[in-house]
Amino acid sequence: MKISFFGAAREVTGSCYLVEAGRNRILVDCGMFQGSAFSEAKNFQEFGFDPRAIDAVVVTHAHLDHVGRLPKLVKEKFKGRIYLTPPTAKIAHLVLDDAEQIMQDEWRREARPMLYSKDDVENVVRQFVPVDYDRTVRLPGVSFRFRDAGHIFGSSFIEITETGGPRAVFSGDLGNRNVPILKPTAQMANADAVIVESTYGNRLHEDESTRTTRLKEAVVKTVMQRGVLVIPAFAIERTQQLLYELNAMVNRAEIPPVDMFLDSPMAIAVTDVIKEYPRYYDAEALHHVSHGDDLFSFPGLTLCKTRDESKVINEISPPKVIIAGAGMMNGGRIQHHLVRYLGKPSTTVLIIGYQASGTLGRRLYSGEKTVDVLGERVHVKAKIVSIGAYSAHADQQKLVEWISAAPKPPERVFCTHGEEAAAAALASRVHEELGVRSDVPRFGETITV
Ligand SMILES: [Zn+2]
């Protein structure tokens with residue numbers, strides 16, 4: 001089995017690996033490069049392989065950095081099947097449509113080139129073949145199965161086995177501990193090679209039990225100061241997790257009544273998909289829905305789908321809580337709220353997700369005091385607070401535990417999907433603790449398992 005790395009090599013985004021096994025050339029993910037202008041330019045470059053020669057694609061999950069170049073792949077004549085879990089299929093469709101919409105806006109505003117069209121997205125969706133977790137799919141000389149990664153709804157890691165030969169496990173993105181709604185990350189089978197993400201390969205998250213306490217504090221403080229709490233949230237998972245926890249706080253009267261707005265059509269649509277698949281819920285969430293609770297809705301919460309509904313938020317006087325996308329603040333409705341409220345000391349921006357280098361979110365997170373948003377220079381007076389425990393990704397400890405819990409240690413580990421320092425830190429810890437050879441592959445590198 002040969003594995004080549006065509007993305008997420010020494011960087012976080014652009015996941016794309018080519019597996020040659022049996023008589024098949026299988027692509028694991030086909031994600032978009034995101035972050036800086038330099039990263040985004042890479043989406044327009046050649047893949048590094050011929051899309052027509054790919055037999056099938058397997059998709060770990062619906063995040064744009066894992067599915068965002070699928071329409072380009074199809075546009076460049078990939079004709080095979082795209083395997084993914086049923087919720088991933090639905091969410092990926094929303095994600096690709098949303099990305100196409102953003103590209104259209106940018107094309108109109110700044111004449112930026114479009115990577116693909118709406119037709120390309122529709123063609124991708126036609127090639128989707130939904131497959132549930134733990135079912136083995138057999139192709140000539142090779143088989144694979146999706147396992148629950150616990151990262152976002154429908155997310156998986158993938159075990160690919162060459163018939164009578166080696167097995168490689170692709171972690172996709174692995175989830176944090178005790179994430180509401182999601183089941184915990186499954187245990188992988190024995191593998192010869194593990195390709196593991198390392199987004200937080202050099203970091204440990206704070207204890208997740210502090211997560212809700214700190215969210216509660218942020219809401220209570222905002223109400224007391226009659227301020228605005230702005231929460232940039234990824235439309236998938238983080239938003240639903242927030243709603244789930246806020247719902248619980250409201251039910252238990254742990255926070256004072258306050259107007260809350262979910263200003264994200266994408267997040268609203270994703271929430272509807274999640275409601276369709278209770279069989280993917282953990283025991284607690286399943287218990288709540290079976291007792292008739294709506295996990296994502298509570299008094300005080302307004303869902304803003306249209307632009308007009310979004311504009312109404314401005315007219316409501318503080319205190320208020322605004323949850324909006326994009327999660328890294330580099331686009332979407334969050335920017336309108338940031339322009340309005342970043343310059344006010346009574347504002348709190350609550351960062352609850354990974355902020356890639358080059359994004360507005362990363363600049364705020366790093367403490368920059370002057371930023372440009374929607375062409376306006378804004379002097380930041382708001383408090384920028386982050387809760388690391390909200391991360392959708394496993395930290396170093398969990399990544400190492402996940403690999404070491406396999407019945408037999410893998411022969412080799414490859415750390416991808418992390419900035420260079422993070423990937424290197426994880427590789428050296430895996431080597432020290434498990435005595436397994438661990439490498440950080442480069443873009444275009446091919447290894448033989
Ligand atoms: Zn992800």
Side-chain angles (χ1 to χ4, degrees), residues 7-9 11-17 27-35 39 57-70 84-85 87-96 98-99 133 146-158 169-177 179-186 195-201 203 205 232-242 266-267 270 273-274 280 325-328 330 351-357 359 361-362 388-396 398-399 402 415-419 422-423 426:
E11 62 185 315
V12 174
T13 63
S15 278
C16 187
Y17 315 116
L27 211 57
V28 179
D29 288 339
C30 192
M32 194 178 271
F33 293 101
Q34 293 174 283
S39 302
V57 179
V58 289
V59 174
T60 59
H61 65 288
H63 272 150
L64 198 59
D65 63 325
H66 294 258
V67 298
R69 282 187 295 161
L70 284 173
L84 66 192
T85 65
T88 300
K90 289 203 176 150
I91 299 171
H93 192 177
L94 294 170
V95 166
L96 293 173
D98 184 64
Y133 289 139
F146 295 109
R147 311 289 314 283
D148 197 336
H151 165 59
I152 63 168
F153 206 73
S155 67
S156 48
F157 64 86
I158 305 176
V169 173
F170 294 82
S171 75
D173 292 354
L174 294 180
N176 204 344
R177 293 167 212 277
V179 182
I181 313 155
L182 301 183
K183 291 178 187 167
T185 309
I195 292 77
V196 65
E197 66 125 326
S198 56
T199 317
Y200 287 109
R203 278 207 268 169
H205 294 324
F234 296 89
I236 314 165
E237 209 56 46
R238 224 69 49 81
T239 296
Q240 291 79 24
Q241 186 180 343
L242 270 176
M266 238 301 259
V270 171
V273 173
I274 293 178
Y280 278 67
M328 299 192 201
N330 48 334
I351 295 179
I352 55 168
Y354 183 79
Q355 305 296 315
S357 80
T359 60
R362 181 67 160 256
Y390 266 106
S391 172
H393 288 270
D395 65 359
Q396 187 192 56
K398 183 174 167 184
L399 292 168
W402 180 70
C415 301
T416 60
H417 197 289
E419 287 174 13
L426 181 64

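Just so we're clear, the structure is a prediction, and the values are computed from it rather than from any experiment. In listed order, ligands and their atoms are each counted from 1.
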Below 30° counts as parallel, above 60° as perpendicular, anything between as tilted: where do the rings of His151 and His393 land?
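His151 and His393: tilted rings.
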
Less than 3.5 Å apart, any donor N or O on the side chain of Thr88 or His61 sitting next to an acceptor on the other?
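The criterion, which ignores hydrogens and geometry beyond distance, is not satisfied for His61 and Thr88.
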
Does the side chain of Tyr17 pick up a donor-acceptor pair with the side chain of Thr416 at under 3.5 Å?
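Side chains of Tyr17 and Thr416: pair found under 3.5 Å.
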
Could you pull out the N/O/S protein atoms under 2.8 Å of the Zn ion (ligand 1), ignoring any water?
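Those protein N, O or S atoms (cut-off: under 2.8 Å from the Zn ion (ligand 1)) are His61 NE2, His63 ND1, His151 NE2, Asp173 OD2.
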
Taking the side chain as every heavy atom from C-beta outward, state whether Val169 and Ile195 have any atom pair closer than 4.5 Å.
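Heavy-atom side-chain distance check fails, nothing below 4.5 Å.
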
Heavy-atom side-chain contact between Ile158 and Thr60 under 4.5 Å
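Answer yes - side chains close enough.
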
Would you say the ring centroid of Tyr354 lies under 6.0 angstrom from that of Phe234?
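Centroid separation for Tyr354 and Phe234: 6.0 Å or greater.
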
